[in-house]
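Protein chains get the first letters and strands the later ones, always in sequence-line order, with residue 1 at the start of each. Atom set for the values below is all heavy atoms of this structure, side chains included, hydrogens, waters and symmetry mates excluded.
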Amino acid sequence: MKKFGVIVKQSLEQVLQDAVNILLKNMTDSSSVHVKLSRPKMKEHGDYACNVAMPLAGMLNMNPRQVADKLLTMTAWPDAVEETTIAGPGFINIRLQKSCEAEVLKKILTEAASYGQLPVDNNAEKVCLEFVSANPTGPMHVGHGRGAVVGDALGRVLSARGFKVHREYYINDAGTQIGVLANSVWLRMCELQGQTIQLPDSAYPGDYIIDIAKELLKIHDFETVQSWSEEQRLAWLNQESIAANMRMIADDLDIMNIHFDEYFSEKKLHESGKVQSLIQRLREQGTVYLGTLPAPKGKAIENYQPVEQWLFRTTDFGDDVDRPLAKKDGTATYFAADIAYHENKFQRGFDRMIDIWGADHGGYVSRVRAAMKALTQKDDQPDVLLVQMVNLTRDGQAVKMSKRAGTFVTLREVVDEVGSDAVRFNFMTRRIESQFDFDLEEAKEKSNENPVYSVQYAHARIASILRKAKEEGIVLLPVKDVDVSPLVSAEEQALIANMLAYGDMLTVAADRLEAYRVATYVMKLAADFHSFYHKNRVVTEDEALTQARLLLASAVKQVIFNALTLLGVSAPEQM
RNA sequence: GCGCCUGUAGCUCAGUAGGAUAGAGCAACGGAUUUCUAAUCCGUAGGCCACUGGUUCGAAUCCAGUCAGGCGCACCA
């Protein structure tokens with residue numbers, strides 16, 4: 001009975017489900033209705049509400065209120081239920097005994113950092129989570145940052161809910177862009193040597209290229225590099241420039257505490273022969289044919305010429321048009337490598353693939369899924385999360401240029417200015433489908449304008465209360481001995497109900513791959529605590545009340561900590 | 001022209017797979033500062049949930065169409 005509060009919701013759903021099943025037993029067809037309880041918005045509607053009578057009414061051809069009435073007579077309610085009523089069109093409202101749910105506080109403090117987590121067992125679903133994958137040709141921009149933050153938080157949420165998560169970064173270290181990078185670095189090396197250079201439009205203009213050139217000159221002096229054959233020089237420049245950029249990217253991610261289990265190289269995929277053998281296999285299968293694509297609709301392409309290419313029949317699997325696997329010079333397209341890459345993930349034994357891409361890759365989703373359907377017969381892989389664009393502003397004015405990158409504002413510049421916590425939390429306050437207007441001045445604001453401070457402040461405030469209580473010589477009772485029955489006010493009940501729902505929220509977040517729910521959840525919990533704090537004192541003359549409220553405050557602190565940890569945001573003890 | 005995403009308070013956004021009276025922050029206005037942290041709280045005001053039709057007991061939510069904005073549309077990545 002003591003622990004009943006924690007599992008009360010499931011028990012109520014079970015007894016109601018039993019009643020529903022009996023009611024439906026006489027039906028000829030084997031229809032079923034799933035009982036689900038919800039928290040009503042209004043306090044007058046009780047602690048839990050159930051709408052099951054409404055769908056049942058249609059099936060049984062009865063009035064919903066009559067159905068509800070019948071269900072209530074058939075239900076064996078546990079002791080914790082104080083009152084049930086039928087309201088509105090046929091809702092069943094359930095009111096529990098006060099403080100019967102407060103036992104959850106003890107569960108929270110006992111489980112501490114693992115409250116809300118599910119264990120990872122041997123049968124856990126293995127997920128390959130690919131995110132960031134920014135090209136190794138320059139610093140990450142703010143849009144990459146959003147993908148990084150979203151991906152990392154999603155990884156943490158999935159891990160917490162019992163998935164085995166493998167975090168992966170796909171390095172696009174093959175293709176023409178890399179040649180451009182190598183050439184840009186070489187030009188800067190010549191420039192450092194005193195030569196006058198002309199940067200072509202195609203070259204990367206950013207100052208970071210100069211830094212790389214300087215770095216490379218420390219490895220080999222200019223004369224040595226110049227003495228090599230062009231082929232040898234390009235290969236060396238390629239390799240070192242990519243490595244330098246990847247170090248820079250990994251550094252920037254490290255500042256935000258984002259790490260990967262694996263960096264997967266596209267170049268090595270090509271070198272392994274897997275791309276060519278895949279194309280060969282598909283040709284034998286007949287899913288690849290030699291053909292010519294029509295000119296694309298929309299904006300006219302100046303130098304369009306019909307080319308005969310190896311085409312993948314993605315249209316057979318739900319794509320709009322067949323997609324080329326080889327360029328006119330015969331080398332594999334990015335798409336070809338990407339299919340081989342995804343097939344490789346599948347071969348590595350992952351049950352599920354999740355890719356986080358920028359919105360500008362939206363047109364790519366259907367073709368990759370089509371290819372995977374052709375190769376694996378699964379039609380729901382990979383799960384692609386498209387993260388919409390970030391518009392960077394300062395005091396409402398668009399910010400676009402960065403000296404360092406030459407084109408866009410880098411993630412690093414933003415993190416250095418506003419801090420990792422503010423960047424991470426802010427990016428998590430919106431659904432990924434909505435475009436994000438990120439204002440640098442707002443992100444530095446230390447007020448309610450900036451949600452991260454409100455949440456961190458709640459955590460620090462509780463820490464301060466606990467310190468104060470200790471200073472005053474209050475000795476905390478062992479958790480199991482605290483009497484929670486004094487926690488009956490509306491504010492206290494709201495906090496308890498919120499914390500009780502933490503696990504359900506995480507389930508939804510993991511099922512729907514919506515990690516932002518953690519942020520909206522913890523914002524509400526923090527706000528509710530601030531509200532409670534202003535109406536009630538934690539440390540009072542009443543010893544029993546003080547003990548109960550210290551328990552409550554400690555639990556709130558713990559849940560805020562757990563949620564912030566999932567978001568990769570720090571939970572300070574003082575501010 | 002086609003595909004994907006979006007449209008909710010003046011602004012920025014939530015809305016827990018269709019539920020009861022639509023939610024928060026900011027901005028506006030009015031309050032709380034002998035405090036366990038005011039980086040906070042309380043109150044007032046503010047809505048044709050883009051528009052039109054449909055589905056049903058019931059729609060911001062589902063469907064169709066329209067309008068508006070963003071992203072993308074051979075041989076780049």
Side-chain angles (χ1 to χ4, degrees), chain A residues 36 38-42 44-45 49 51 54-55 57-58 63-64 87-91 93 135 137 172 174-178 266 292-299 301 303-307 309 311 319-321 323-324 326-329 333-335 337-338 358-366 386 388-389 391 396 429-437 439 442 445-451 453-454 456-458 460-469 471-472 501 504-505 507-509 511-512 514 516-517 520-521 523-524 527 530-535 537-540 549 553 574-575:
Chain A
K36 213 180 149 198
S38 62
R39 288 271 179 190
K41 277 179 228 161
M42 272 161 297
E44 309 85 72
H45 293 150
N51 65 357
M54 267 90 88
N63 176 310
F91 292 100
N93 291 337
N135 285 348
T137 52
N172 299 127
T176 52
Q177 294 304 309
I178 300 304
E266 183 193 353
T292 307
L293 287 176
K297 299 273 164 62
K299 67 172 180 211
I301 297 171
N303 53 352
Y304 173 78
Q305 299 167 349
V307 191
Q309 297 167 300
L311 299 174
D319 201 3
D320 302 331
V321 60
R323 305 290 177 177
K327 306 175 204 169
K328 60 183 165 192
D329 66 3
T333 59
Y334 178 79
F335 175 53
D338 214 16
D360 53 344
H361 288 62
Y364 220 73
V365 177
S366 57
L386 291 178
Q388 294 295 320
M389 278 181 53
N391 297 311
T429 57
R430 286 159 175 70
R431 285 150 44 238
I432 59 168
E433 293 89 353
S434 76
Q435 290 180 33
F436 199 134
D437 298 314
D439 193 279
E442 241 172 56
E445 194 78 28
K446 296 186 175 177
S447 70
N448 249 345
E449 176 90 16
N450 190 0
Y453 287 106
S454 177
Q456 289 183 319
Y457 186 61
R461 178 177 254 176
I462 296 169
S464 169
I465 295 169
L466 297 177
R467 280 194 299 270
K468 191 84 175 181
E471 275 170 32
E472 289 183 15
D504 285 348
M505 178 277 296
T507 301
V508 173
D511 284 354
R512 304 190 200 172
E514 294 175 342
Y516 77 94
R517 286 174 186 280
T520 46
Y521 170 87
M523 281 157 68
K524 177 78 167 75
H530 288 309
S531 188
F532 158 79
Y533 171 87
H534 279 272
K535 285 185 191 150
R537 287 187 66 85
V538 174
V539 178
T540 64
R549 284 186 175 163
Q574 53 187 341
M575 290 172 75

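- Of the candidate nucleotides rC71(B), rC75(B), rC4(B), rC4(B) has the atom lying nearest to any side-chain atom of Leu386(A).
- Projected onto RNA chain B by closest heavy-atom contact, Ala469(A) and Val307(A) fall at different nucleotides, the more 5' of which corresponds to Ala469(A).
- Annotation: cation-pi pair Arg430(A)/Phe436(A) present, NZ/CZ under 6.0 Å from the ring centroid and within 45° of its normal.
- Taking atom C1' in both rG30(B) and rU66(B), the straight-line distance is 44 Å, to the nearest Å.
- Here Met42(A) lies in heavy-atom contact (under 4.0 Å) with a base.
- Taking the P atom of each, rA64(B) and rA28(B) are spaced 43 Å apart, rounded to whole Å.
- With rA20(B), rC71(B), rA39(B) as the candidates, the nucleotide lying closest to the side chain of Ala359(A) is rC71(B).
- Both thresholds, 5.5 Å between centres and 30° between ring planes, are met by His45(A) relative to the base of rA20(B), so the two rings are stacked.
- Taking a pair to require two hydrogen-bonding distances under 3.5 Å in either a Watson-Crick or a G-U wobble arrangement, rU44(B) pairs with rA28(B).
- Nucleotide rA77(B) has no partner under the Watson-Crick or G-U criteria, as no pair reaches both atom distances under 3.5 Å.
- Here rU40(B) is the nucleotide among rA77(B), rU16(B), rU40(B) with the atom lying nearest to any side-chain atom of His534(A).
- Taking CD from Glu433(A) and CG from Leu386(A), the interatomic distance works out to 9.0 Å, rounded to the nearest 0.5 Å.
- Comparing rG19(B) with rG58(B), their C1' atoms are spaced 7 Å from each other, to the whole Å.
- For Gln574(A), the side-chain atoms get nearest to rU37(B) when compared with the rest of rA77(B), rU37(B), rU6(B).
- For the OP1/OP2 pair of rU37(B) and a distance below 4.0 Å, the side-chain nitrogens and oxygens of Lys468(A) include no atom meeting the criterion.
- Here CZ of Arg323(A) is found 13.0 Å from CG of Asp338(A). Values are rounded to the nearest 0.5 Å.
- Here the closest heavy-atom approach between residue Asn51(A) and residue Pro55(A) is recorded as O-CD, 3.1 Å.
- Comparing rG70(B) with rG23(B), their P atoms sit 33 Å apart, to the nearest whole Å.
- Pairing for rA17(B) is absent, with no Watson-Crick or G-U wobble pair whose two atom distances lie under 3.5 Å.
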Original post:
Taking it one step at a time, do Tyr533(A) and Ile462(A) satisfy side chain to side chain contact (heavy atoms under 4.5 Å, CB included)?
Top reply: CA-CA 9 Å; Tyr533(A) 171 87; Ile462(A) 296 169; over 6 Å; no

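- Set against rU6(B), rA17(B), rA77(B), the side chain of Arg431(A) has rU6(B) as its closest nucleotide.
- Using a 4.0 Å heavy-atom cutoff across all strands shown, Ala87(A) reaches at least one base atom of the nucleic acid.
- The side chain of Tyr453(A) places no N or O atom within less than 4.0 Å of a non-bridging phosphate oxygen (OP1 or OP2) of rC26(B).
- Checking Glu44(A) against Lys535(A), the closest nucleotide of RNA chain B that is more toward the 5' end is the one next to Glu44(A).
- Distances were taken from every side-chain heavy atom of Ala49(A) (C-beta onward) to each of rA20(B), rU40(B), rU37(B); the shortest belongs to rA20(B).
- Remark: ring of Tyr364(A) does not overlap the six-membered base ring of rG72(B) in a stacked fashion, as centroids less than 5.5 Å apart with planes less than 30° apart are not both met.
- For the C1' atoms, the distance from rC11(B) to rA17(B) is 30 Å, rounded to whole Å.
- Across all strands shown, rC49(B) forms no Watson-Crick or G-U wobble pair with both key distances under 3.5 Å.
- The ring of Tyr533(A) lies on top of the base of rC36(B), close enough and flat enough: under 5.5 Å between centres, under 30° between planes.
- Within 4.0 Å of Glu514(A), counting heavy atoms only, lies no atom of the nucleic acid at all.
- Proximity of Ser454(A) to the phosphate of rC41(B): no side-chain N or O atom is located under 4.0 Å from OP1 or OP2.
- Looking at Val508(A) and Arg517(A), their side chains come closer than 4.5 Å, going by heavy atoms from C-beta outward.
- Within 4.0 Å (heavy atoms only), Asn51(A) reaches at least one base atom of the nucleic acid.
- Rounded to the nearest Å, the gap between the C1' atom of rA39(B) and that of rU44(B) is 24 Å.
- With rU12(B), rC71(B), rA20(B) as the candidates, the nucleotide lying closest to the side chain of Asp360(A) is rC71(B).
- Distances shown here put a side-chain N or O of Ser531(A) below 4.0 Å from the OP1 or OP2 atom of rC42(B).
- In this entry rG3(B) has rC71(B) as its Watson-Crick or G-U wobble partner, both defining distances falling under 3.5 Å.
- With a cut-off of 3.5 Å on both Watson-Crick or G-U wobble distances, the partner of rA22(B) is given as none.
- Listed candidates were rG70(B), rG15(B), rA14(B). Nearest to the side chain of Arg517(A) is rG15(B).
- Between Tyr364(A) and Phe335(A), the ring planes are perpendicular. Angles over 60° get that label, and only those under 30° would be called parallel.
- Side-chain proximity of Ser464(A) to the nucleotides rC36(B), rU16(B), rC5(B) is greatest for rC36(B).
- Between the side chain of Asn93(A) and the base of rA20(B), at least one donor-acceptor pair of N or O atoms lies under 3.5 Å.
- rA74(B) and rA14(B) have their C1' atoms separated by 42 Å, with the value rounded to a whole Å.
- In this structure, CG in Asn172(A) is found 10.0 Å from CD in Gln177(A), a value given to the nearest 0.5 Å.
- Across all strands shown, rU37(B) forms no Watson-Crick or G-U wobble pair with both distances under 3.5 Å.
- If you check rU56(B) for Watson-Crick or wobble pairing at under 3.5 angstrom, you find it has no partner at all.
- Between rU16(B) and Arg39(A), no contact under 4.0 Å exists linking OP1 or OP2 to a side-chain N or O.
- The listed nucleotides are rU37(B), rC5(B), rA39(B); the one nearest the side chain of Lys446(A) is rA39(B).
- On the C1' atoms, rA77(B) is 38 Å away from rU16(B), given to the nearest whole Å.
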